[in-house]
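Input: a single structure, listed below in structure tokens.
All residue numbers refer to positions in the sequence shown, counting from 1. Just so you know, ligand 1 is whichever comes first in the structure, and atom 1 is the first atom listed for that ligand.
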Amino acid sequence: MSLGAKQDQPTYRHRFLKDNVVGLVGCPFSGGQPRSGVDLIESGLVQDVEDLGWKVDFAGADTLVSPLVSDTPDPDIGKLKKPRLVSNVNKEVAERVYSHASKGQLTVTLGGDHSLAMGTVSGTFKAYPDAALIWVDAHADINTPLTTPSGNLHGCPVSFLLGLPGTSKEEIPEFGWIEPVLKPERLVYIGLRDIDEGERKILKENNIKCFTMHHVDKYGIGKVVDMALEHVGTDRPIHLSFDVARFTSQVRGGLTFREGHYICETLAETGRLVSLDIMEINPSLGAGAHDVKQTVDVGRSLVRCALGETLV
Ligand SMILES: [Mn+2]
């Protein structure tokens, strides 16, 4: 899929970065279970990124964020499952992302379940307090410890970043390191399709801008991305958190392959992307070799588009 032409500098000039360096963070962490999340990096992603004119700061697969699996008991807190493990992994992710971002690198985090955005967004916003967050996902992931139907923390990261009721240090000290760095008006969703009842209420009460699949159908992805960028402000650094689960299999009316790539291409064009999450790329357990390869290929091509790969 690569055009084969090696660039000596990135396609677009980046406003907030120094030295055209991509800082890679890998985290094969999913629901407390270690999984093979290194596929994407091992598949040649570093070479892809270098071919697009970037230098890569990645110390190798043995520096992936460890899932910190241990025998220490980690009982549920309320409904939340594996709360201490999720918190500890995210704290480490936040430190790694901050260390790249604070050097002026464009951080690319490959995960892993979407709870990891607690860490990535915390790290990015520590370096760029005025940043905006664009969340591309079928789900809003904004349940709080009080509203979550499942207790899975991958459905909750945004609520912690906003500091919604139920997430404070007093209420849940295990996550007390997370600062409420995100403002509702600097968050925008693209591609929502399945929203829980409690989430719908939170989105309304906090007046959070959502472009659902209804809006994508109505306006087309081009107009939706323009409106999303306008909503969060045209001169802020941007953190893009992209959930690719169910994105590769177009079974239930989510974003298409091209719509997803269009989002990444357009954010690259802004020259304001400072942090990118490609999450839920871990091929599901038991998937066939073909599915694994397809998931990895899609993740790779989204990263390339976000880093400036163009069709011609
Ligand atoms: Mn998600």
Worksheet item: If only atom types and distance count, is the side chain of K81 paired as donor or acceptor with the main-chain N or O of S150 below 3.5 Å?
Response: yes
Practice prompt. Quickly, which of V108, L106, V21 forms a side-chain contact (heavy atoms from CB on, under 4.5 Å) with W54? Name it, please.
Written response: L106
Worksheet item: Hey, which protein N/O/S atoms does the Mn ion (ligand 1) have under 2.8 Å?
Response: H114 ND1, D137 OD2, D141 OD2, D243 OD2
Worksheet item: Counting heavy atoms not belonging to E230, are there more than 12 under 6.0 Å from its CD?
Response: no
Worksheet item: Should the pair K201-E197 be classified as a salt bridge under the 4.0 Å nitrogen-to-oxygen rule?
Response: no
Practice prompt. Determine, for R258 against E265, whether the closest basic-nitrogen to carboxylate-oxygen distance falls under 4.0 angstrom.
Written response: yes
Fill in: Aromatic ring proximity W135/H114, centre distance under 6.0 Å
yes
